[in-house]
There are 2 protein chains.
Amino acid sequence: MSHHTWNYQDALRRDGYRVTRQRELIMDVICDSPTRLSARQLCESVRERAPGVNDATVYRNLHFLSERGLIRPHEHDGHAFYELAGPLEPHHHLTCRGCGIEIEAPHDVTHAFYALLEERFGFCVTSDHLSLQGWCAACRASGGT
Amino acid sequence: MSHHTWNYQDALRRDGYRVTRQRELIMDVICDSPTRLSARQLCESVRERAPGVNDATVYRNLHFLSERGLIRPHEHDGHAFYELAGPLEPHHHLTCRGCGIEIEAPHDVTHAFYALLEERFGFCVTSDHLSLQGWCAACRASGGT
DNA sequence: ATAGCTGCAAAGTGTTTGCATTTTG
DNA sequence: CAAAATGCAAACACTTTGCAGCTAT
């Protein structure tokens, strides 16, 4: 899924918001990155492409775009990391400690687990995102620690 | 489990570290709290009991005590929250959005879930702590949203 | 006596806010 | 043209650091 095949611009304009160079840059950077990026990293990446852009603008737009549902923040390591929301299914992230790859697991992998928590603790989970650390198959095969 | 039944003091002295009033205060506050506390909250609670204690000292000791394995930090909401480590089993936290209660789920509740992730994605989870939001049985019974 | 620890003040991050100016629709 | 968004600088909250003096052992 790319934001190029997704007309988020008109969606914004329709609601009276504006499509600025800065907003497009942020969407571009998020879309081009293979992994989720923190606000800080986004400030940097955006500035690489367009030196004039201010951090405050990036922060403001990350909130704005999240509120509008165009991107999605995930808490991790004490920071918010952003990814395109678009028509993507909600999902979980499995991050490899070896190579850093991020595997996306569909939301339904947690069904049985959440059912168990409900059964054993009467607790009904509402968290819609999990971020787990571990080792991917490739790293384990190649003798990762 | 209480730190009063646990002689962490001698463990420290044995290794050449000192048992100070500040360190004991921090351990007391952590132990007395029904929920995990953030560094910030700990600074405040400690200061309530002993007005002179400096934030820097609290921060330094939270790192120190974590390194020594006396307390355990858990990331949550962009901050570290601390709880007694001691001889406790590793476990997961289920936090109720309604009443804020924290249910501790033993580590083994994730066995089947982690096995599924390994089977489907070849991914071997190493994260040893999960923090999930949701609704507890009591809140759901009393018509929590 | 002497590491080890504390308090203080200053600096460092990462993020937010107010306001004058610019830009988009 | 008017509303919306930006840049800038200052404020913010939280955390870390250097150093002189204090204190547990």
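Quantities reported herein were computed from a predicted structural model and do not represent experimental measurements. Below, chain A is the first sequence line, B the second, and so on; all start at residue 1.
The nearest whole Å value for the distance from the CG atom in B:D77 to the P atom in D:dC14 is 13 Å. Summarising the geometry, the separation between OH on A:Y82 and C1' on C:dG14 is reported as 12 Å, rounded to the nearest angstrom. Protein atom CZ of A:F81 is 10 Å distant from nucleotide atom P of C:dT15, rounded to whole Å. In this structure, the CG atom of A:L25 is 10 Å from the P atom of D:dG7, given to the nearest Å. Put simply, CZ on B:R47 is 15 Å from P on C:dT6, counting in whole angstrom units. For the pair A:E44 CD and C:dG14 C1', the computed distance is 11 Å after rounding to whole Å. When rounded to the nearest whole Å, the span between CG of A:L62 and P of D:dA5 equals 15 Å. Between the P atom of C:dT24 and the CG atom of A:D10 lies a distance of 16 Å, rounded to the nearest Å.
Contact check, B:H79 against D:dT15: a side-chain N or O comes under 4.0 Å of OP1 or OP2. For the pair B:Q22 and C:dG7, the criterion of a side-chain N or O lying under 4.0 Å from OP1 or OP2 is met. At the phosphate of D:dT15, neither OP1 nor OP2 sits under 4.0 Å from any side-chain N or O atom of B:H63.
In terms of position on DNA chain D, the residue among A:N54 and B:N54 whose nearest nucleotide sits closer to the 5' end is A:N54. Residues A:Y59 and A:R21 both approach DNA chain C. Their nearest nucleotides, taken by heavy-atom distance, put A:Y59 toward the 5′ side.
With respect to B:H92, the ring pair (Phe, Tyr, Trp, His ring centres under 6.0 Å) criterion is satisfied by exactly one of B:H76, B:H107, B:H74: B:H107.
Listed for the A:R13 side chain is no donor-acceptor partner under 3.5 Å among the backbone atoms of A:V19. Remark: the backbone N or O of B:R18 is paired with a side-chain donor or acceptor of B:R23 at under 3.5 angstrom.
Contacts of A:R60 with the nucleic acid, taken as non-hydrogen atoms under 4.0 Å apart, include base atoms. Within 4.0 Å of B:A39, counting heavy atoms only, lie sugar-phosphate atoms of the nucleic acid but no base atom. Residue A:N61 is classed as a sugar-phosphate contact, given heavy-atom separations below 4.0 Å to backbone atoms only.
Residues passing the side-chain contact (heavy atoms from CB on, under 4.5 Å) test with A:C43 are A:R40, A:R47, A:D55, A:V58, A:Y59, sequence neighbours excluded. Every residue two or more places apart in sequence or in another chain that forms a side chain to side chain donor-acceptor pair (under 3.5 Å) with A:E118 is listed here: B:R140.
You'll find that the side chain of A:T57 is closest to D:dT6, out of D:dT6, C:dC5, C:dG7. Of the candidates D:dC8, D:dT6, D:dC14, the closest approach to any side-chain atom of A:R23 belongs to D:dT6.
The stretch residues 13-20 of chain B touches DNA chain D through B:R13, B:R18, B:V19, each having a heavy atom within less than 4.0 Å of the strand.
Residues A:H91 and A:E83 have side chains that bring a donor and an acceptor to within less than 3.5 angstrom of each other.
With salt bridges taken as basic N to acidic carboxylate O contacts below 4.0 Å, none links A:D128 and A:R72.
Cation-pi contact between B:R68 and B:Y17: absent, since separation from the ring centre below 6.0 Å together with deviation from the ring axis within 45° is not met.
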